[in-house]
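In what follows, a single structure is set out as structure tokens and then discussed.
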Amino acid sequence: MKHILHIIIGMCLLAACSYDEQLDLCQLTVTLVYPENSTGPYAGARVELRGLGRDVVFVDSTDAAGRTVFIVTPGVYEASSSSQFIDSTTATWWRYNYNGVRSQIIADPDSANTADIVLKMSRKRIVR
């Protein structure tokens with residue numbers, strides 16, 4: 001009888017316990033900051049967001065204002081951008097390369113969660 005009572009109590013305890021996992025998500029806005037006298041910002045620049053200490057990579061492209069929004073779990077991230085823009089508005093064509101990285105971006109549900117990536121520019125003349 002004692003064993004049956006222990007089994008009934010154990011079953012009641014297991015039935016009373018529930019595991020309800022709720023995943024918190026954050027909105028993280030990354031803005032590309034172009035150098036003075038550059039051709040940017042422009043839509044379509046590639047932005048990568050890597051979770052530090054985790055094997056997770058998010059990839060998106062910017063809007064016309066140079067911004068992109070990621071929906072991520074809280075944590076520490078690194079954002080990078082590497083893109084090319086070809087200016088063919090004049091007789092001489094130029095290829096502009098923009099590169100930048102920003103580390104230690106903290107995404108937290110209680111924060112504004114914005115990060116700027118300051119881009120460096122190099123350019124090369126395209127000979128036709």
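Position 1 is the first residue of the sequence; numbering continues from there.
We find the CG-CZ distance between N97 and R123 to be 12.0 Å, quoted to the nearest 0.5 Å. In this structure, L25 CG and I71 CD1 are separated by 7.0 Å, a value rounded to the nearest 0.5 Å. E48 CD to S80 OG: the interatomic distance, rounded to the nearest 0.5 Å, is 4.5 Å. A distance of 6.5 Å separates CG in L119 from OG in S83, rounded to the nearest 0.5 Å. One finds the OH atom of Y42 at 10.5 Å from the OG atom of S61 (value rounded to the nearest 0.5 Å).
Within the hydrophobic cluster formed by Ile, Leu, Val, Met, Phe, Trp and Tyr side chains joined at under 4.5 Å, directly or through other members, I106 is accompanied by L52, V76.
Note on Y34: it does not cluster hydrophobically with V118, by side-chain heavy-atom contacts below 4.5 Å among ILVMFWY residues. Residues V101 and V72 do not share a hydrophobic cluster, defined by chaining ILVMFWY side chains whose heavy atoms lie under 4.5 Å apart.
Within the structure, no pair that satisfies the salt bridge (charged side-chain N to carboxylate O under 4.0 Å, His left out) test touches residues 92-118, not counting sequence neighbours. Contacts classified as ring-ring contact (aromatic ring centres under 6.0 Å, His included) and involving residues 102-121 (residues at least two apart or in different chains) are not found.
Side-chain contact between Y77 and F58 is present, with heavy atoms from C-beta onward closer than 4.5 Å. Taking 4.5 Å as the limit, every side-chain heavy atom of R67 sits out of range of all side-chain heavy atoms of T62. Using a 4.5 Å heavy-atom threshold, the side chains of D60 and V47 count as separate.
Ring planes of Y96 and Y98: parallel class, angle under 30° (limits at 30 and 60°).
Side-chain N or O atoms of S81 include none that pairs as donor or acceptor with a backbone N or O of N99 at under 3.5 Å.
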Take T114 and T31 through the side-chain contact (heavy atoms from CB on, under 4.5 Å) test and state the conclusion after the steps. CA-CA 8 Å; T114 60; T31 304; over 6 Å; no
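The two residues P35 and M121 come nearest to each other via the heavy atoms CG-CB, 3.8 Å. The two residues P109 and C26 make their nearest non-hydrogen contact at N-SG, 3.4 Å. Here the shortest heavy-atom pairing between D24 and P74 reads O-CD, 3.1 Å.
Between L28 and the options V69, T68, I105, a side-chain contact (heavy atoms from CB on, under 4.5 Å) holds for only I105.
More than 12 heavy-atom neighbours from other residues, nucleotides or ligands sit within 6.0 angstrom of CD on Q84.
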